[in-house]
Amino acid sequence: MPTLRHRCLAALATADLDAKLAATHEALQATEIGADELLVATVTLPGRPDRPQLVPPKEVPHRSLSTVAGRAALIHALAHIEFNAINLALDIVWRFPLMPEDFYRQWAQVASEEATHFAMLRAHLQTLGFAYGDFPAHDGLWEMAAKTQSDLLARLALVPRTLEARGLDVSPAIRNKLLAVGDTSGAAILEVILRDEIRHVAVGNVWYRYACREQGLDPLTAYATLATRYNAPRLRGPFNREARLAAGFEQAEIDAL
């Protein structure tokens, strides 16, 4: 039977949306981890549908939430973030060998929950008369994954703890904007996503600190070094201190932001 890591690689390589979601959920059924397997990808990663068109971030148009199309564009952007989050969690499982079993099982669980988030947003988008792929999107999340593909410490520092943690800061404001235009269903989905993302970022924090301990590094100092080395985006406030503390950030880390 395929190991958990092998299943996650197969799910990551899958381009068809429904097949990818199913394979991501089914990966959790694997009984063996295969932590010592040296897996090799034989196709271009990640597998993705032909649409949406990927453009630079500045070329993604901003639309008014006062229109259905504007709300749909926002939901589409959120769905694209969750699609990337599926791929990011799958990628960290297959790419980095020789970690503890809990590392792989926790990230596979994260991937499954991100797949649920994507499905919720995709379904809501359809109620607005649109489909995933109807709007252009950018690929910033996966680009950082590609830059850190040979450095687990950097991956943990700069993807879950930087780019994905940004969702903790912005989700409440997005939820409130949806409520203001009467999209209670979209706002409810954002509540679920924020609740789950606190736990997902916490997984990143746990394993980032584990990797720092293994290498004898101070987490705060190491983060600053990695952010500079990999040209991570400089985050701007306001920051959701409550959510970040719940996700395992220390006060000194939040103050440093």
Side-chain angles (χ1 to χ4, degrees), residues 2-14 20-21 23-30 32-48 80-118 139-168 196-215 217 219 222-223 226-227 229-230 232 247-248:
T3 65
L4 176 66
R5 293 182 62 229
H6 188 274
R7 287 182 183 225
C8 285
L9 174 56
L12 179 63
T14 301
K20 181 186 285 285
L21 298 182
T24 299
H25 293 309
E26 290 166 4
L28 295 176
Q29 300 173 11
E32 298 295 325
I33 300 294
D36 58 351
E37 288 181 307
L38 296 178
L39 301 175
V40 177
T42 57
V43 297
T44 300
L45 299 175
R48 65 174 92 218
H80 185 65
I81 290 170
E82 296 301 320
F83 177 77
N84 272 295
I86 300 168
N87 290 330
L88 291 167
L90 293 171
D91 189 74
I92 204 171
V93 172
W94 88 266
R95 189 174 294 280
F96 299 102
L98 304 177
M99 291 293 286
E101 178 175 334
D102 282 350
F103 174 88
Y104 300 111
R105 293 215 176 272
Q106 287 174 16
W107 283 115
Q109 181 65 40
V110 168
S112 180
E113 292 175 2
E114 303 288 20
T116 298
H117 296 169
F118 174 81
D139 210 27
L141 277 170
W142 185 258
E143 288 170 0
M144 182 58 77
K147 288 200 291 186
T148 58
Q149 63 182 331
S150 300
D151 188 340
L152 175 59
L153 185 67
R155 171 69 64 87
L156 291 165
L158 303 179
V159 175
R161 299 183 77 249
T162 301
L163 298 181
E164 292 185 302
R166 192 61 179 144
L168 305 182
D196 291 347
E197 290 302 332
I198 288 173
R199 289 188 290 100
H200 297 174
V201 174
V203 172
N205 272 318
V206 166
W207 292 107
Y208 172 70
R209 293 199 173 91
Y210 171 90
C212 284
R213 288 195 301 273
E214 290 291 298
Q215 298 182 36
L217 298 173
Y223 179 82
L226 292 165
R229 181 183 302 162
Y230 288 93

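These numbers come from the heavy atoms of this one structure, side chains and all, not from hydrogens, waters or symmetry mates.
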Give me the atom names and distance for the closest heavy-atom approach of [X] to [Y].
{"X": "Val110", "Y": "Val203", "result": "CG2-CG2, 4.3 Å"}
{"X": "Leu88", "Y": "Ala145", "result": "CD2-CB, 3.3 Å"}
{"X": "Arg209", "Y": "Arg161", "result": "NH2-NH2, 4.1 Å"}
{"X": "His25", "Y": "Thr116", "result": "CE1-OG1, 3.4 Å"}
{"X": "Ala154", "Y": "Thr148", "result": "CB-CG2, 3.8 Å"}
{"X": "Ala30", "Y": "Pro2", "result": "CB-O, 4.0 Å"}

(message) Is there a side-chain contact (heavy atoms from CB on, under 4.5 Å) between His117 and Glu114? Walk through the geometry before answering.
(response) CA-CA 5 Å; His117 296 169; Glu114 303 288 20; 3.2 Å; yes
Rounded distance [0.5 Å steps], [atom1] in [X] versus [atom2] in [Y]:
{"X": "Ile92", "Y": "Leu12", "atom1": "CD1", "atom2": "CG", "result": "12.0 Å"}
{"X": "Thr24", "Y": "Leu21", "atom1": "OG1", "atom2": "CG", "result": "6.5 Å"}
{"X": "Leu28", "Y": "Leu4", "atom1": "CG", "atom2": "CG", "result": "7.5 Å"}

(message) Main chain of Ala10, side chain of Thr14: is a donor-acceptor contact present, judged purely on distance under 3.5 Å?
(response) yes
(message) Looking at Arg5 and Leu39, would you say the former's side chain and the latter's main chain have a donor-acceptor pair under 3.5 Å?
(response) no
(request) Begin from the C-alpha positions of Thr162 and Met144 and carry the test side-chain contact (heavy atoms from CB on, under 4.5 Å) through to its verdict. (result) CA-CA 10 Å; Thr162 301; Met144 182 58 77; over 6 Å; no
(request) Determine, step by step, whether Trp142 and Asp91 satisfy the side-chain contact (heavy atoms from CB on, under 4.5 Å) criterion, reporting the C-alpha distance in whole Å, the side-chain angles of both residues, the deciding distance to 0.1 Å, and the verdict. (result) CA-CA 10 Å; Trp142 185 258; Asp91 189 74; 3.7 Å; yes
(request) Apply side-chain contact (heavy atoms from CB on, under 4.5 Å) to the pair Met99 and Leu152, showing each step before the final yes or no. (result) CA-CA 10 Å; Met99 291 293 286; Leu152 175 59; 3.7 Å; yes
(request) Go through Asp196 and Arg199 one step at a time and tell me if the salt bridge (charged side-chain N to carboxylate O under 4.0 Å, His left out) criterion holds. (result) CA-CA 5 Å; Asp196 291 347; Arg199 289 188 290 100; 2.8 Å; yes
(request) Look at the rings of Phe118 and Phe83 and say which category their plane angle falls in: under 30° parallel, 30 to 60° tilted, over 60° perpendicular. (result) tilted
(request) For side-chain hydrogen bond (donor to acceptor under 3.5 Å, both in side chains), just list the numbers for His200 and Glu113, CA-CA rounded to whole Å, side-chain angles, deciding distance to a tenth of an Å, and then say yes or no. (result) CA-CA 9 Å; His200 297 174; Glu113 292 175 2; 2.6 Å; yes
